Amino acid sequence: MGSLPFLAAAADAAHAVNPWVAVAYLVSGVLFILALRGLSSPATSRTGNRYGMVGMLIAVVTTLVTHDIANIAEIGVAIFLGGILGFSIARKIAMTAMPQLVAAFHSLVGLAAVLVAMAAFMNPDAFGILGVDGNILAISRVEMALGAAIGAITFSGSVIAFAKLNGNMSGAPIMLPARHIINLGTLLAIIVGTAAYAMAPSAAAGEGWLFWAIVAAAFIIGFLLIIPIGGADMPVVVSMLNSYSGWAAAAMGFTLHNTAMIITGALVGSSGAILSYIMCKAMNRSFISVIAGGFGADAAASSSGGGEQRPYKTGSAEDAAFMLEQAEKVIIIPGYGMAVAQAQHALREMTDILEEKGVDVKFAIHPVAGRMPGHMNVLLAEANVSYDKVFELEDINSEFAQADVAFIIGANDVVNPAAKTDKSSPIYGMPVFDVDKAKQVFFIKRSMGGVGYAGVDNDVFYMDQTMMLLADAKKMVEEIVKSLD
């Protein structure tokens, strides 16, 4: 990222950028950085969002006012319609559908990068990228090819991620024969094609087919990279695609000679890559295997309940309420099931009652709980759960040995001891909560017939200290609340 400011400055100097434009883009860049800083903590996330909104407004208005582009009225109508559509979707979308919404938005960013690259290829004079020989500049060919390739990978990969998250496609890994060889071969073809396109003597004419071949190959590899990835790894996929969309935007920023796009794209790309690395570390995955695709998919899934039935204990809301009242320390582990049932508000009410009775209540959030990074944090914040009650895995895992109750609501894979004991499990090696060390475990799930998103049975169901509360998560918590009053 260190070379980006220099390259951006060089591009701006070459095109005689108005100093006030440079200042406006610099201000927007600073606001984007402040936005990322704000988003690093739930307590400052709203302020961070506002910084980002203002920064984007400055960047867009500056671009529209200072560039000789298409009919401003048409662009205004497009922005208005897009804004109305985005506002409507944001208002109506359920929190359970937020992961697939993010994946869908990533696909649009990738597609936009591809379309910009195509426009530059078809009308290079309008983009100011023609050389004295009448051909597209070599450096611009590289920028176009890379931007289009990364954008195409982002688009097709995000479409597959959306389909998996939305249930239009199975969350199970789809394993193609020799997929790694195919992926490496396709990636090599993109790299070689980009080099050949950049060095072609007449890239605007006779060698133009190389550009289209690069785009086509990138669409294919985006599809191939995501289909072998299982559901348990989807949060990392969302983060990874976010990073790709940023790099695609940065590459197109060079083609458009737009410093704001370069800064924004670099921030999104680098922050997404860092987040992906952090999540891979939390899941004990290799970051390189994430980039290669199909990470965590080679291991055979453990039994998902098709074998011999194992004995387990069930209980009622009254049983759980009585034991919760007697507890001194309760740790709640939320998961995607809580999001599906929209149980976060009832859970907050239960927490308030227990605290009034002198019970110490904490929330334990796994880095990959839910279907996207921060999914559980957003839900708990929506229910006004205090930030100082929410802890990450490494900060709270040692406290389960002192906990009277581990209250699991809609989580599965993140508490599954198979991650520590079963080398054949697809989640083996992923750090999980040590709920087995708690004196009592309450496990809320709809029925014993289902397993987690990774498709793995869970030994916690059958432990002596586990009581299964088989019901809709929201209804069960509401019944517990009534019993506590």
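By convention here, the first residue in the shown sequence is residue 1. Computed from a predicted model, the values in this text were never measured in an experiment.
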Given 3.5 Å as the limit, does a donor-acceptor pair link the side chain of K313 with the main chain of M468, or not?
no
Could you check whether K420 pairs with D434 (Lys NZ or Arg NE/NH1/NH2 to Asp/Glu carboxylate O, under 4.0 Å)?
yes
dist D464:CG -> Q440:CD (nearest 0.5 Å) comes out at 10.5 Å
Taking the side chain as every heavy atom from C-beta outward, state whether F407 and I444 have any atom pair closer than 4.5 Å.
yes
Looking only at non-hydrogen atoms, find the nearest pair between G337 and A473 and report the distance.
O-CB, 4.3 Å
L354 and side chain to side chain contact (heavy atoms under 4.5 Å, CB included): which partner among V405, V481, V359?
V359
At what distance, to the nearest 0.5 angstrom, does CG of L188 lie from CG of N183?
12.5 Å
Under a plain distance cut-off of 3.5 Å, with no hydrogens placed, do Y244 and S158 share a side-chain donor-acceptor pair?
no
With side chain to side chain contact (heavy atoms under 4.5 Å, CB included) as the test, would you mind laying out the steps for F400 and V435 before giving the verdict?
CA-CA 6 Å; F400 280 97; V435 297; 3.8 Å; yes
Closest non-hydrogen atom pair between N397 and V432, with its separation:
ND2-O, 3.3 Å
Closest non-hydrogen atoms of A149 and A218, given as atom of the first, atom of the second and distance, are O-CB, 3.3 Å
Audit row: Y51, M53, side chain to side chain contact (heavy atoms under 4.5 Å, CB included) steps and yes/no:
CA-CA 6 Å; Y51 281 136; M53 292 167 64; over 6 Å; no
Just wondering, more than 12 heavy atoms not from L81 lying within 6.0 Å of its CG?
yes
Side-chain heavy atoms of K445 within contact of F461, under 4.5 Å:
yes
Distance in Å, I274 CD1 paired with S239 OG, rounded so as to fall on 0.5 Å steps
10.0 Å
Go through the steps to decide whether L379 and Q344 satisfy the test side chain to side chain contact (heavy atoms under 4.5 Å, CB included), and finish with yes or no.
CA-CA 7 Å; L379 289 172; Q344 62 269 25; 3.6 Å; yes
If you count heavy atoms of other groups shown closer than 6.0 angstrom to CD of E328, is the number above 12?
no
Is there a side-chain contact between T63 and Y25, using heavy atoms and a 4.5 Å cut-off?
yes
Given D395, L393, L380, I332, the one that forms side chain to side chain contact (heavy atoms under 4.5 Å, CB included) with I365
L380
Do M350 and L324 have side chains that get closer than 4.5 Å, going by heavy atoms?
yes
Any side-chain heavy atom of F433 sitting closer than 4.5 Å to one from H366?
yes
Checking K329, K389, K362 against E355 for salt bridge (charged side-chain N to carboxylate O under 4.0 Å, His left out), the one that qualifies is K389
Could you tell me the separation between the CD1 atom of I79 and the CD1 atom of I84, rounded to the nearest 0.5 Å?
12.5 Å
Between the main-chain N or O of G269 and the side-chain N or O of N242, is there a donor-acceptor pair closer than 3.5 Å?
no
Would you kindly say whether D319 and S316 are connected by a side-chain donor-acceptor distance under 3.5 Å?
yes
If only atom types and distance count, is the side chain of S107 paired as donor or acceptor with the main-chain N or O of F155 below 3.5 Å?
no
Heavy atoms only: give me the nearest I331-I333 pair and the separation to one decimal.
O-CD1, 3.7 Å
Quick check against the 3.5 Å criterion: does S243 have a side-chain atom that pairs as donor or acceptor with the backbone of G272?
no
Would you say the side-chain atoms of Y387 and N377 include a donor-acceptor pair closer than 3.5 Å?
no
Rounded to the nearest 0.5 Å, the CD1 atom of I353 sits from the CD atom of E325 at a distance of 9.0 Å
Compare all side-chain heavy atoms of L165 with those of V102 and state whether any distance is below 4.5 angstrom.
no
Let me confirm one number: the OG1-CG distance from T314 to L469, rounded to the nearest 0.5 Å.
8.5 Å
For V114 and A148, which heavy atoms make the closest approach, and how far apart are they?
CG2-O, 3.5 Å
Residues T154 and S245: side-chain donor-acceptor under 3.5 angstrom:
no
L85/I89 under side chain to side chain contact (heavy atoms under 4.5 Å, CB included): CA gap, chis, key distance, verdict:
CA-CA 6 Å; L85 181 61; I89 292 174; 4.0 Å; yes
Against N458, only a single residue in T466, N412, D413 fulfils side chain to side chain donor-acceptor pair (under 3.5 Å); can you say which?
N412
Does E382 come within less than 4.0 Å of R348, counting only side-chain N to carboxylate O?
no
Quick one, S156 and I220 - any side-chain contact, counting heavy atoms below 4.5 Å?
no
Sub-3.5 Å donor-acceptor pair from the side chain of N258 to the main-chain atoms of M261, do we have one?
yes
Could you check whether any side-chain heavy atom of L31 comes within less than 4.5 Å of a side-chain heavy atom of V27, counting everything from C-beta outward?
yes
Hey, are E479 and K482 close enough for a salt bridge, meaning a charged N less than 4.0 Å from a carboxylate O?
yes
So, for Q465 and A438, which heavy atoms are closest and what is the spacing to 0.1 Å?
NE2-O, 3.5 Å
Do the two ring centres, one from F391 and one from F363, sit under 6.0 Å apart?
no
